[in-house]
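Keep in mind the model is a prediction, meaning the values are calculated, not measured.
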Amino acid sequence: MSLLLTFCVAGAFAQECRPEWSAYTSSDYVYSCYEAANTRHWNAETFKENLTNSARQELAKQFEVNVNDYAVLDKSAVNGHSQISYSSLTTFSTSVTLKLVKTKCFYNETSGEGNAIAYINKLQACDYYQTEFELAEGRVANAIANAETLSLRGEKIKARDNELKPVLTEFDKMGDALAWLALFDFPRSEISAMMNRCYALQQQVKTLMADLSHATTLFFDCSTPMFDGRAFPMAEKLSGSVAPQGVNFVRSSSGADYVVSVKGTPFVEKKNAFNSSEVGQTYAYVVRCDVTVAIYKAATNQTIYSDQLSAQGRTSTRTANPSAESAYNDIYQRVMQIVMDKIK
């Protein structure tokens, strides 16, 4: 869907403006003058407010957008593609009225006649909508960067749903800004360049979302305690390793293709004390970690792999945790290989 933009000035709008307002009736402005007599004998403030509102409304009527099947904004700038979706600007929004429209009013209390003008400076309007476009463009670019960072960490579903999906509406805002810029005589060549940037970003988001949606998704359900309340970060290490292999991971079984369960228990097999002049009392620890590993399909609970793994860790330290960590690291490497073999 594309836009045909028409700037209409009907005869009913073309009321004469007061001479002192001639600065606002040049080609640098979009304006509407309105004149009326106070036949209802309102007080001055009420009548002037009504005059001003009428001038605003007549100005708003000058902006008409007709939705057509073919582009009038030059889509050849984006190689004939018409993927950019524009909102139809059928209303003159309150925010635009407050930010861009200025008014002046004159009332002759003796004759009961009044005049009002509502006007928009085209240059200021172009500055405003160019900024609106660039802000939306920046939000999209930032979301892409965040999504790529999350993807590298393996959080591809989060990258798609939390970063990319929310910024899809930014393309409507960019389209609106381009339409208004065309209305306010912004240089055609610059609009064309902005359309190219918008289209390129839109295609980048679409491609990235598709890539993030099609990979296998895993949930790592890990319990790998050590000693003194600490735990080995098995899930984090596995997630970081599968990410470069093009595999997604999520933080719950909902939405996962496979669940990888790793449940471990550490045991101190040997503890020999000895003294060290440098660190004081230390021990030679031998720690064995026994781990149950299971991989099953999240949708059906069908188990595709199940086994028990064991490893030993040996260190000379003050606590047994380094030995447990060494054993778990050995198991982590083996689990990683099993996961990649089973989900191919």
Side-chain angles (χ1 to χ4, degrees), residues 149-159 215-298 300-344:
T149 298
L150 288 169
S151 177
L152 289 174
R153 298 207 310 249
E155 298 186 76
K156 298 186 178 183
I157 300 302
K158 183 177 180 181
T216 301
T217 303
L218 305 179
F219 167 57
F220 294 105
D221 180 17
C222 301
S223 174
T224 46
M226 295 193 293
F227 302 100
D228 303 328
R230 292 182 57 196
F232 181 79
M234 183 69 73
E236 289 81 356
K237 291 178 72 69
L238 289 170
S239 299
S241 296
V242 300
Q245 311 300 320
V247 178
N248 297 343
F249 75 90
V250 290
R251 299 188 182 277
S252 71
S253 58
S254 175
D257 297 312
Y258 297 95
V259 175
V260 179
S261 174
V262 181
K263 307 294 183 182
T265 305
F267 301 95
V268 176
E269 292 188 321
K270 291 183 181 179
K271 177 183 177 183
N272 296 325
F274 62 91
N275 291 318
S276 168
S277 60
E278 295 182 0
V279 298
Q281 186 73 43
T282 59
Y283 303 89
Y285 284 102
V286 177
V287 173
R288 188 183 86 246
C289 292
D290 295 334
V291 176
T292 300
V293 180
I295 304 174
Y296 59 91
K297 294 182 179 179
T300 63
N301 287 325
Q302 177 189 353
T303 300
I304 64 171
Y305 177 86
S306 180
D307 201 359
Q308 299 240 348
L309 305 178
S310 294
Q312 283 186 335
R314 301 168 182 267
T315 57
S316 297
T317 55
R318 288 188 166 187
T319 72
N321 277 329
S323 294
E325 188 170 1
S326 176
Y328 276 132
N329 262 318
D330 180 272
I331 291 172
Y332 146 69
Q333 296 288 344
R334 291 149 66 185
V335 171
M336 178 61 201
Q337 189 58 53
I338 291 167
V339 169
M340 296 311 299
D341 288 344
K342 296 300 178 182
I343 67 170
K344 284 182 180 178

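- Y332 is linked by a side-chain hydrogen bond (donor to acceptor under 3.5 Å, both in side chains) to S241, counting only residues two or more places apart in sequence or in another chain.
- Contact between V262 and M234 at its shortest, heavy atoms only, is CG1-CG, 4.1 Å.
- The ring-ring contact (aromatic ring centres under 6.0 Å, His included) search around Y258 returns none, not counting sequence neighbours.
- Here D330 pairs with R334 under the side-chain hydrogen bond (donor to acceptor under 3.5 Å, both in side chains) rule; sequence neighbours left out.
- Closest non-hydrogen pair, A324 versus C289, comes out as O-SG, 3.9 Å.
- Within the structure, the salt bridge (charged side-chain N to carboxylate O under 4.0 Å, His left out) test picks out the following pairs touching residues 226-253 (sequence neighbours left out): E155-R251.
- Smallest separation of non-hydrogen atoms from S323 and V287: CB-CG2, 3.5 Å.
- In this view, S310 and D290 satisfy the side-chain hydrogen bond (donor to acceptor under 3.5 Å, both in side chains) rule, not counting sequence neighbours.
- F232 is linked by a ring-ring contact (aromatic ring centres under 6.0 Å, His included) to Y328, counting only residues two or more places apart in sequence or in another chain.
- Residues F220 and S239 approach most closely at CD1-OG, 3.4 Å, considering heavy atoms.
- The OG1 atom of T224 sits 10.5 Å away from the CD atom of E325 when rounded to the nearest 0.5 Å.
- Residues passing the side-chain hydrogen bond (donor to acceptor under 3.5 Å, both in side chains) test with S253: none are found, sequence neighbours excluded.
- Interatomic distance, T303 OG1 to I295 CD1, rounded to the nearest 0.5 Å: 10.0 Å.
- D307 is linked by a salt bridge (charged side-chain N to carboxylate O under 4.0 Å, His left out) to nothing, counting only residues two or more places apart in sequence or in another chain.
- To the nearest 0.5 Å, the span separating OG on S252 from CG on D221 amounts to 11.0 Å.
- Every side-chain contact (heavy atoms from CB on, under 4.5 Å) that E269 has, sequence neighbours left out, goes to V286, R288, Q312.
- I331 approaches A311 most closely through the heavy-atom pair CG1-CB, 3.7 Å.
- Between A320 and V268, the closest heavy-atom pair is CB-CG2, 4.1 Å.
- In this structure Q302 satisfies the side-chain contact (heavy atoms from CB on, under 4.5 Å) test together with K297, T300, sequence neighbours excluded.
- Here the OG-OH distance, from S306 to Y296, works out to 11.5 Å after rounding to the nearest 0.5 Å.
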message: Show, in sequence, the C-alpha distance, side-chain angles and deciding distance for I338 and Y305, and conclude whether the side-chain contact (heavy atoms from CB on, under 4.5 Å) test is met.
response: CA-CA 9 Å; I338 291 167; Y305 177 86; 3.3 Å; yes

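- Applying the side-chain contact (heavy atoms from CB on, under 4.5 Å) rule to S223 yields the partners P225, K263; only residues at least two apart in sequence or on another chain are considered.
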